[in-house]
There are 2 protein chains.
Amino acid sequence: MSDQAFVTLATTDNYAKGAMVLGQSLRNHNTTKKLVALIGPHVAEPCRDVLGTVFDEVRVVDVLDSGDAAHLSLMKRPDLGVTFTKLHCWTLTHYSKCVFMDADTMVLSNIDELFEREELSAAPDPGWPDCFNSGVFVFTPSNETHEKLITFCSENGSFDGGDQGVLNSYFNTWATKDISKHLPFIYNLSSISIYSYLPAFKQYGHDAKVVHFLGKVKPWSYSYDNQRGVVRGHSLPADQCQLHPDYLLLWWQLYAKSVLPLLQHAYGDSPFTS
Amino acid sequence: MSDQAFVTLATTDNYAKGAMVLGQSLRNHNTTKKLVALIGPHVAEPCRDVLGTVFDEVRVVDVLDSGDAAHLSLMKRPDLGVTFTKLHCWTLTHYSKCVFMDADTMVLSNIDELFEREELSAAPDPGWPDCFNSGVFVFTPSNETHEKLITFCSENGSFDGGDQGVLNSYFNTWATKDISKHLPFIYNLSSISIYSYLPAFKQYGHDAKVVHFLGKVKPWSYSYDNQRGVVRGHSLPADQCQLHPDYLLLWWQLYAKSVLPLLQHAYGDSPFTS
Ligand SMILES: O=c1ccn([C@@H]2O[C@H](COP(=O)(O)OP(=O)(O)O)[C@@H](O)[C@H]2O)c(=O)[nH]1
Ligand SMILES: O=c1ccn([C@@H]2O[C@H](COP(=O)(O)OP(=O)(O)O)[C@@H](O)[C@H]2O)c(=O)[nH]1
Ligand SMILES: [Mn+2]
Ligand SMILES: [Mn+2]
């Protein structure tokens, strides 16, 4: 349906690469929905071009320039910059329903069935499972909801300093009210859970539909040897790196095959590091 | 109500100490329910005596000797020993409803309201939040359910080698069917979650009702300086030890005040290490 969309966000070139991989993974699995990328004003021109190839709509969101409620609130809460930007997805009112996905997620199969769910549907967060993880959620764009969220956010702040805290405080009946708003965990499988309860991953993980590279280390923190098809290390200590090697490789394979050529084309002769 | 009970399990003297602390914590918060301890045949006599002081009923369960379905099944699945023993709680048919609690849990307030819930109610497991954690759960004793569980267990095994795997496979609609069977996470708060999402703990943790010392390191892995009121280290590497110091201290304070005197009395002159 053309009035339904997957939405992601990237305020930096690195997160933009994540968004490209996510977008390609959705295309590869034949989504029938529109793809929307919200970007910050600092994303480089060639990156925007590539995003424009992969996504149906690329929209620059700059809460600092917007002159609306978000702008005013942000003056009081400069710490909540990226959070305010993410909340901007509610203003996409030319869509009747959307699924937000973090730029560090990647789909492993078609997930269009998520649009059968209502706002606010999301999967549990493995750290505190009565909170939902805000890396994947179903929502209904609405300027009214957007304003309320911004007001709530500026008045109450965020208990975790990010959008997940705000969204959980605002949609605060998620844990107790309606089981249909609990997305199965396989729609937002974080690498952390693979290791914290390995037997469950072995039992249920083969049905994974969305991988979420949650945490400090992102796929783009690594590098990739395209010739040999192997992922190279990063500079962080081993215990801070919990990305599953298979999913990590999958991300890089998709990047090398479907994103890198677009970037090389967009950057042409200008300096560019993959 | 006298036909409702909290039930725990201890097959060793160490877990028996945990059970004593749990039992005392329930008494301290004025539960109106009966307290039942299932124990293995190897729990020492003086420990049984102390359990008998704290609990209304102490029942020795020895699936190896029982000659029932569990016995037969266990011959084929000797690996599932403690699991089979835990499932034994379903045979407590002189109670109409029970709440099982691991011996490594401790209550921080009265939780009798759990008896308003139906089988099988439990809180999400932080490792894989579409599974429930089997450290705290509401159930309805029934010989029929017990037999079915034992059969299921012997035919399918357990994906994690323990009772949590079996119970999640058997009660397999928990994640998707009825939100009232999702106990709030504060009824089974594992120390692991305190560190994996600290802001959420700070936001919601003050309402904690049950602490669960899940994992390799248990409160009794430490020692306690009664004079100074401080908990002393254990021999495990620091990254394997994630018990919250406040809760750990609370456990030991309860142990020193209400359990140790009973043990000293029961052991009399015989050798006894606290
Ligand atoms: O500097 C940033 C940080 C975050 N994000 C967006 O906000 C999401 C949430 O942040 P992140 O995924 O890093 O948090 P985590 O999932 O690791 O908690 C990202 O996926 C991006 O879509 C962004 O665009 N720029
Ligand atoms: O040797 C054992 C192991 C376990 N248990 C019982 O089974 C429960 C589950 O085991 P544990 O708490 O060690 O597992 P965890 O919660 O750490 O996964 C314990 O609390 C006890 O009630 C027992 O009696 N003896
Ligand atoms: Mn993320
Ligand atoms: Mn336990």
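Lettering of chains follows the sequences in order, A, B, ..., and the numbering in each one begins at 1. No hydrogens, no waters, no symmetry mates; every other heavy atom, side chains included, goes into these values.
- Note on B:G161, B:P124, B:A175, B:S190: by heavy-atom pairs under 4.5 Å with chain A, the leading option is B:P124.
- Chain A forms the most heavy-atom pairs under 4.5 Å with one residue out of B:S180, B:P199, B:P184, B:G165, and that residue is B:P199.
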>> Run the side-chain contact (heavy atoms from CB on, under 4.5 Å) test on A:L189 and B:W128 for me, step by step, so that the C-alpha distance in whole Å, both residues' side-chain angles and the decisive distance to 0.1 Å come before the verdict.
In response: CA-CA 9 Å; A:L189 175 57; B:W128 189 275; 3.5 Å; yes
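- Taking every heavy atom of both residues into account, B:W174 and A:I179 meet most closely at O-CD1, 4.4 Å.
- Residues B:P129 and A:P129 approach most closely at CB-CB, 3.8 Å, considering heavy atoms.
- Judged by distance alone, the side chain of A:D130 and the main-chain N or O of B:F185 form a donor-acceptor pair under 3.5 Å.
- Between B:F159 and A:Y204, the ring-plane angle classifies as perpendicular under the 30° and 60° cut-offs.
- With respect to chain A, the highest number of heavy-atom pairs below 4.5 Å among B:A123, B:S158, B:C131, B:G127 belongs to B:G127.
- Listed options A:S196, A:S169, A:A200 were ranked by heavy-atom pairs under 4.5 angstrom with chain B; first place goes to A:A200.
- If you measure heavy-atom distances from B:S193 to chain A, the contacts under 4.5 Å come from both the backbone and the side chain.
- No more than 12 heavy atoms of other residues, nucleotides or ligands sit less than 6.0 Å from atom CD of A:E144.
- Contacts between B:K202 and chain A at a heavy-atom distance below 4.5 Å are absent for every atom of the residue.
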